[in-house]
Amino acid sequence: MSAPQPAAQPRQTLWQRVQPLRPYFARNPGTWLVVVLGAIVGSATEPLIPYFQNILLDEGFQKRSLALWTIPAVLLALFAVRGLSGYVSQIGLTRITNQGLVRMRRAMFDKLLAAHLQLFSRQSASALSNALVYETQTGASMLVNSLLSLVRNALTLLGLTAYLLMLNWKLTLIVVAIFPAVAWVMRVLTKRLHKLTKANQEATDSLAYLVEENVLAHRDIRLYAAQSAQAQRFERLGEALQRLAFKSTVAGAAMTPMTQMLAAMALSIVITVALVQSAHDQTSVGGFVAFVTGMLMIVAPIRQLSEVSGPITRGLAALERGLELIHDVPSETQGHYAEPRARGEIEFRDVVVQYSADSGPVINHLNLTVHGGETIAFVGASGAGKSTLVNLLPRFVDLHAGAVLLDGHDLRDWDLQALRAQFAFVSQHVVMLNDSIAANVALGLELDPDKVRQALRAANLEAMVDALPQGLDTVVGHNAMQLSGGQRQRLAIARALYKDAPILILDEATSALDTESERAVQDALQRLMQGRTTLVIAHRLSTVMHATRIVAMEAGRIVETGTHAELVAAGGHYARLYQLGLGLVDADAEPAPSSRV
């Protein structure tokens, strides 16, 4: 999610990589203490099994000196303590995981709400949702459970090794000799697993994005009979993901047989040496059986320690994506200036907008002053820079050079929340949340049902809403797709009416309306625009004829300004656009010279 990091970075240890997760998963010291104590107690019971086995064989079978009741009593007590400690540890671990997950997701979502808008041009919606919802869940469960397994098995290994040293230090040295070999195997395979996990994440993001594309473009894909091509894309990405998953499985599965083979080599040597020792009466039957039992029990924690590196690697890699979002993605910059309601004085000073170094400017040294209460209409061909210009005002687009001022204050000096409170925005691309009609109209503001109904009435939607079974409480579904295009556009207009901001931006606000609905909404918009600064973008020039001023744009520059009558009489760029709309000129005809103002 962040920019690529420099190649030369020191390799971090597991402890160093886990540290950034502490604010989310280490805020329950009492619960962690219970979990660790449970792991210690559970690990301590492991060496007691061969210990009591030694006593049973030597004292019970050979000397007959043990009371019969002691055997079941000791075994029951031992396994009761072991089971209870495991139960308590698991409950505590579940609580730590779930609470840590809630904290981390909250931090990720807060960053998502405050992140610089470039994040959404670099990352697809599917990749962001996958990282926030699914990868954190899987990563947290894997990592926390694996870390507990690591601690518990390491303690078990130490306990069993200590007992074996006490029982027969010579044989134990043979067992300890395999530890460096096991550590080397784990290190090599863990490094490969980490690389494969990162590649697997990228492949999963690509597959999720393909599915997202096909869901959003389902009509176009069917209309152009593109199902076969999309199925082939899905097949290629699915096969790539399958190959990576198989490679990860091969790397992870290789640990267990390799460590077991090392343990089997040590066991065969131990049995041989023990038989030699028993021939010289250097060990008892109980001691020998206890040692072999303890050694066989050591195989389990060694095997589990070798297997734990895979889940730890995958869990860390998943959670580190979340940490990258939280710590590496910059937030939007802002100032501290604020006022409750702006006068609506806007000034563009030598504004340049350029999206990338290898492309030309979208807005090219543009200067314009808008007085409070004016209605300014922007016209021009697609790509002239009209939408980019108005998107500078709520800072949805960043300047490359120049400045934009609101009420004499640079937009970069404004508090973002205070700045955006000054604008109501109705775009040609309507976005609605999966919530009630009332909640969508009152988005971000306190919900007043009477005020919502007034806004819907002004947007010519009241009759439609009243006809719904749940009225204002009707949930509109995904992006209000159950409504028609015109109804969704009018719902967006109702939202702007409800906000009652001092500056109104209409970007093709009536483009999806029929003639009758457009006339009703235009009447409502005319009432709304009274006493407000209004910026209108429209391709249908009939909707901008009554503007205070019309600004004609071409290639990111203003080519002329004036009223409708003045610009038509001038016979320049606007006049040609107007005649094209009326069908009076050929679209391929040579344009008339424009008069720049």
Side-chain angles (χ1 to χ4, degrees), residues 344-356 358-394 396-406 411 425 427-428 503-511 529 533-597:
E345 302 280 346
I346 301 169
E347 183 180 358
F348 297 91
R349 288 185 183 172
D350 201 29
V351 169
V352 178
V353 176
Q354 189 169 354
Y355 290 124
S356 62
D358 55 353
S359 64
V362 181
I363 303 294
N364 194 1
H365 296 284
L366 183 144
N367 291 278
L368 178 67
T369 299
V370 180
H371 302 293
E374 276 194 309
T375 297
I376 305 297
F378 296 93
V379 299
S382 297
K386 307 182 299 295
S387 294
T388 299
L389 188 66
V390 297
N391 274 292
L392 286 168
L393 294 172
F396 293 155
V397 174
D398 281 338
L399 291 169
H400 183 74
V404 181
L405 284 71
L406 174 60
L411 296 185
F425 202 111
S427 170
Q428 56 189 317
I503 302 171
L504 183 63
I505 300 174
L506 305 174
D507 187 355
E508 295 289 349
T510 60
S511 62
M529 291 189 302
T533 303
T534 306
L535 307 179
V536 182
I537 296 174
H539 285 102
R540 285 191 284 187
L541 300 187
S542 60
T543 63
V544 302
M545 292 171 59
H546 303 294
T548 310
R549 277 187 292 160
I550 296 172
V551 176
M553 295 184 63
E554 185 176 28
R557 294 178 178 270
I558 295 175
V559 293
E560 55 185 359
T561 63
T563 64
H564 169 72
E566 291 170 347
L567 295 179
V568 169
H573 186 78
Y574 175 82
R576 183 172 184 274
L577 290 174
Y578 181 64
Q579 292 170 350
L580 279 171
L582 296 177
L584 300 179
V585 299
D586 185 358
D588 296 325
E590 187 72 21
S594 59
S595 57
R596 187 167 310 206
V597 176

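The analysis underlying the following values was restricted to heavy atoms, covering all of them including side chains, and did not include hydrogens, waters or symmetry mates.
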* Let me see the working for Leu406 and Leu411 under side-chain contact (heavy atoms from CB on, under 4.5 Å), right down to the final yes or no. => CA-CA 6 Å; Leu406 174 60; Leu411 296 185; 3.7 Å; yes
* **Check against side-chain contact (heavy atoms from CB on, under 4.5 Å), Phe348 and Leu399** => CA-CA 11 Å; Phe348 297 91; Leu399 291 169; over 6 Å; no
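- The salt bridge (charged side-chain N to carboxylate O under 4.0 Å, His left out) contacts involving residues 359-373 comprise nothing, where partners must be two or more places apart or lie in separate chains.
- Relative orientation of the Phe425 and Phe396 rings is tilted, given thresholds of 30° and 60° on the angle between their planes.
- If you run side-chain contact (heavy atoms from CB on, under 4.5 Å) between Ile550 and each of His564, Glu560, Met545, only His564 comes through.
- Applying the ring-ring contact (aromatic ring centres under 6.0 Å, His included) criterion to Phe378, with sequence neighbours excluded, gives no partner residue.
- Applying the side chain to side chain donor-acceptor pair (under 3.5 Å) rule to Thr388 yields the partners Tyr355; only residues at least two apart in sequence or on another chain are considered.
- The side chain to side chain contact (heavy atoms under 4.5 Å, CB included) test applied to Ser382 returns His539, not counting sequence neighbours.
- Looking only at side-chain heavy atoms (C-beta outward), Ile505 and Leu393 come within less than 4.5 Å of each other.
- Here CG of Leu506 is found 9.0 Å from CD1 of Ile537. Values are rounded to the nearest 0.5 Å.
- The two atoms that bring Ser359 and Gln354 nearest to each other are O-NE2, 2.6 Å, heavy atoms only.
- Residues satisfying the side chain to side chain donor-acceptor pair (under 3.5 Å) test with Thr375, not counting sequence neighbours, are none.
- Lys386 contributes a side-chain N or O that, together with a main-chain N or O of Gly380, makes up a donor-acceptor pair within less than 3.5 Å.
- You'll find the side chain of Val397 reaches within 4.5 Å of the side chain of Val353, heavy atoms only.
- Residues Val404 and Val351 meet the side-chain proximity criterion, which asks for heavy atoms closer than 4.5 Å.
- You'll find the side chain of Leu535 stays beyond 4.5 Å of the side chain of Asp507, heavy atoms only.
- Among pairs with a residue in residues 374-385, those fulfilling salt bridge (charged side-chain N to carboxylate O under 4.0 Å, His left out) read Glu374-Arg549, at least two apart in sequence or across chains.
- The two residues Thr533 and Ile346 make their nearest non-hydrogen contact at CG2-CD1, 4.1 Å.
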Under 3.5 Å, side-chain donor or acceptor atoms of residues 360-373 against the rest of the protein: list the pairs with distances, not counting sequence neighbours.
from	atom 1	to	atom 2	distance (Å)
His365	ND1	Asp350	OD1	2.9
Asn367	OD1	Asp350	N	2.6

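- Screening residues 364-373 for salt bridge (charged side-chain N to carboxylate O under 4.0 Å, His left out), with sequence neighbours left out, gives no hits.
- Not a single salt bridge (Lys or Arg N to Asp or Glu O under 4.0 Å) links Glu345 to another residue, sequence neighbours left out.
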